[in-house]
Amino acid sequence: MTANAASPLGFIGLGTMGVPMALNLQKSGTPLLVWSRSEQGRAELARAGADVAQNVDEVFARCASVILMLADSAATDAVLGRGQPDFARRVQGCTVVSMGTFSPDYSAALEADIRAAGGRYVEAPVSGSRKPAEAGQLVAMLAGDPQDVAAIRPLLAPLCKQSVDCGAVPSALRMKLAVNVFLITMVTGLAEAAHFAGRHDLDMEQFAAILDAGPMASDVSRVKIAKLVHRDFTRQAGISDVLKNNRLATDAARHAGIATPRMDACLSLYGATQAMGLGEEDMVAVVQAIEHRSRA
């Protein structure tokens with residue numbers, strides 16, 4: 001079934017990032033049809049006035065463009081019915097916009113399959129965690145056919161302060177992984193610095209104030225140092241997600257013959273943090289793995 005020109009925008013995946021993103025689309029007046037395995041996510045969007053689909057098939061039947069904000073490639077394949085007869089029926093005539101972070105090789109293969117089935121595909125991973133998502137201040141990296149990217153860009157405006165055309169698939173995901181190399185090592189370094197300051201009995205509020213006033217301060221550092229000072233590990237960018245993204249970056253680096261010594265160290269630390277049962281905590285909980293090494 002082909003969606004008509006007045007069809008709503010589909011949105012599938014109402015998790016930590018998906019809920020605030022979909023809410024911003026709804027608040028902007030975008031006609032929206034959502035679906036998620038999360039009953040809580042569906043209920044929150046329904047309360048905001050969004051149309052909630054009964055199932056995945058309804059989204060693809062009614063929508064000309066469908067945004068996917070899903071946790072991983074397995075969830076994406078399941079939603080699309082990839083490898084099953086449902087796949088062609090769902091994606092034919094549809095523009096699939098993937099906003100999650102996956103392997104570039106996976107994304108390139110997915111694009112080929114969607115195009116072979118008569119659909120269109122745009123990569124649109126974003127930089128930013130839950131707070132920027134809530135504020136509509138994400139940065140999107142776009143890749144795909146130029147006409148498809150141009151058509152999708154205005155749909156993402158309520159979610160993003162900026163969107164950047166990165167070229168052909170999988171250039172957007174490669175760009176996202178490059179950004180993550182900086183983000184992950186930066187926040188991990190901040191956690192290590194906070195641990196150093198704390199173990200020397202320095203005034204942590206003063207430490208945070210000096211960092212905030214200095215040349216290294218950023219929106220990320222200000223949020224994360226406050227969480228470290230107050231030991232607030234409430235999830236924004238979770239340990240489990242950061243570990244996944246760390247692995248994606250180091251795997252892509254190995255494939256390209258690129259050395260990533262700091263990311264290798266971070267991979268060990270975030271793996272240890274998850275092994276401590278802290279996978280659902282914010283990424284600054286990595287400080288607990290650093291503390292554990294100090295005690296060892």
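Residue numbers count from 1 along this sequence.
The neighbour count for Asp219 CG, taken as heavy atoms of other residues, nucleotides or ligands under 6.0 Å away, does not exceed 12. No more than 12 heavy atoms of other residues, nucleotides or ligands shown are found within 6.0 angstrom of CE on Met216.
A distance-only check finds no donor-acceptor pair linking the side chain of Thr95 to the backbone of Ser65 [under 3.5 Å]. The backbone N or O of Ala217 lies less than 3.5 Å from no partner atom in the side chain of Ser221, so there is not a single donor-acceptor pair. Not a single donor-acceptor pair under 3.5 Å links the side chain of Arg37 to the backbone N or O of Gly13. Side chain of Glu58 to main chain of Gln54: a donor-acceptor pair is present (N/O by atom type, distance under 3.5 Å, no hydrogens or angles). For Arg62 (side chain) and Leu33 (main-chain N/O), no donor-acceptor pair under 3.5 Å exists by modelled atom type. The closest donor-acceptor contact from the side chain of Lys176 to the backbone of Val126 lies under 3.5 Å.
Atoms CG and OG, on Asp282 and Ser129 in that order, are 7.5 Å from each other to the nearest 0.5 Å. How far CD1 of Ile12 is from SG of Cys63: 8.0 Å, rounded to the nearest 0.5 Å. For the atom pair Asn180 CG and Thr250 OG1, the distance stands at 11.5 Å (nearest 0.5 Å). Taking CD from Glu291 and CD from Glu192, the interatomic distance works out to 12.0 Å, rounded to the nearest 0.5 Å. Here the CG atom belonging to Asn246 is positioned 9.0 Å from the CE atom belonging to Met283, to the nearest 0.5 angstrom. In this structure, the separation between CD on Gln137 and CG on Leu159 is 11.0 Å, given to the nearest 0.5 Å.
Remark: the Ser268 side chain and the Arg293 side chain contain an N/O donor-acceptor pair separated by less than 3.5 Å. Glu123 and Ser107 share a donor-acceptor pair across their side chains, judged by distance under 3.5 Å alone. Inspection of the Gln236 and Lys224 side chains reveals an N or O donor paired with an N or O acceptor under 3.5 Å. Judged purely by distance below 3.5 Å, without hydrogens or angles, the side chains of Thr260 and Arg254 pair a donor atom with an acceptor atom. With no hydrogens or angles considered, no side-chain donor-acceptor pair links Asp105 and Ser103 at under 3.5 Å. Side-chain atoms of Ser240 and Tyr270 form no donor-acceptor pair, as typed in the model, at a separation below 3.5 Å. At a cut-off of 3.5 Å, with distance as the only test, a side-chain donor of Ser163 or Arg153 sits close to an acceptor on the other residue.
Inter-residue side-chain proximity for Thr273 and Gln288 is flagged as unmet; no heavy-atom pair is nearer than 4.5 Å. For the pair Asp148/Ile152, no side-chain contact is recorded, criterion being any heavy-atom separation below 4.5 Å from C-beta on. Side chains of Phe233 and Arg231 form a contact here, defined as non-hydrogen atoms less than 4.5 Å apart. Counting heavy atoms from C-beta outward, Leu138 and Lys161 have side chains that stay 4.5 Å or more apart. Side-chain contact check for Leu267 versus Leu243: some heavy-atom pair is nearer than 4.5 Å. For the pair Val229 and Glu205, the minimum side-chain heavy-atom distance is below 4.5 Å. A 4.5 Å side-chain heavy-atom check between Leu68 and Val97 finds every atom pair outside the cut-off. Side-chain contact between Val242 and Val286 is absent, with no heavy-atom pair separated by less than 4.5 Å.
A salt bridge between Asp72 and Lys244 is absent, with no side-chain N of the basic residue lying under 4.0 Å from a carboxylate O of the acidic one. Ion pairing between a basic and an acidic side chain is recognised when a charged N comes within 4.0 Å of a carboxylate O; Asp251 and Arg247 show no such pairing. A salt bridge links Arg235 with Asp241; the closest basic N to acidic carboxylate O contact falls under 4.0 Å. Salt-bridge annotation for Arg120 and Asp145: absent, with no side-chain N of the basic residue lying under 4.0 Å from a carboxylate O of the acidic one.
What you find for Phe60 and Cys94 is that their closest heavy atoms are CD2-SG, 4.0 Å. Here the closest non-hydrogen pair linking Thr101 and Pro125 is OG1-CB, 4.5 Å. Summarising the geometry of Leu177 relative to Asn245, their closest heavy-atom pair is CD2-O, 4.4 Å, with the distance given to 0.1 Å. Across Val164 and Gln162, no two heavy atoms sit closer than the pair CG2-NE2, 3.9 Å. Scanning both residues, Leu45 and Ala22, for their nearest heavy atoms gives CD1-CB, 3.8 Å. When all heavy atoms are compared, the tightest approach of Leu142 to Ala124 is CD2-CB, 3.5 Å.
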Checklist entry - Under the side-chain contact (heavy atoms from CB on, under 4.5 Å) criterion, do Phe11 and Val66 qualify, and how do the steps go? => result CA-CA 6 Å; Phe11 195 106; Val66 177; over 6 Å; no
Item to check | Worked check of side-chain contact (heavy atoms from CB on, under 4.5 Å) between Glu44 and Leu14 | outcome: CA-CA 9 Å; Glu44 190 165 351; Leu14 301 173; over 6 Å; no
Item to check | Intermediate values then yes/no, side-chain contact (heavy atoms from CB on, under 4.5 Å), Val181 and Arg262 | outcome: CA-CA 9 Å; Val181 170; Arg262 294 189 67 199; over 6 Å; no
Next on the checklist: Could you go through Ile239 and Glu280, starting from their C-alpha distance and side-chain angles, then the distance that decides it, and tell me whether this counts as side-chain contact (heavy atoms from CB on, under 4.5 Å)?
Outcome noted: CA-CA 6 Å; Ile239 289 289; Glu280 295 306 308; over 6 Å; no
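One hydrophobic cluster holds both Leu9 and Met17 under the rule that ILVMFWY side chains link at heavy-atom gaps under 4.5 Å. The hydrophobic clustering, which links ILVMFWY residues whose side-chain heavy atoms are closer than 4.5 Å, places Tyr106 and Met175 apart. Val223 and Val287 sit in two unconnected hydrophobic clusters of ILVMFWY residues. Membership requires side-chain heavy atoms under 4.5 Å apart, directly or through other members. Val79 and Val59 fall within the same hydrophobic cluster, defined by Ile, Leu, Val, Met, Phe, Trp and Tyr side-chain heavy atoms under 4.5 Å apart, directly or through other members. In this structure, Phe102 is a member of the same hydrophobic cluster as Val169, with clusters built from ILVMFWY side-chain heavy atoms closer than 4.5 Å.
Ring geometry for His200 versus Phe196: interplanar angle of 30 to 60°, hence tilted.
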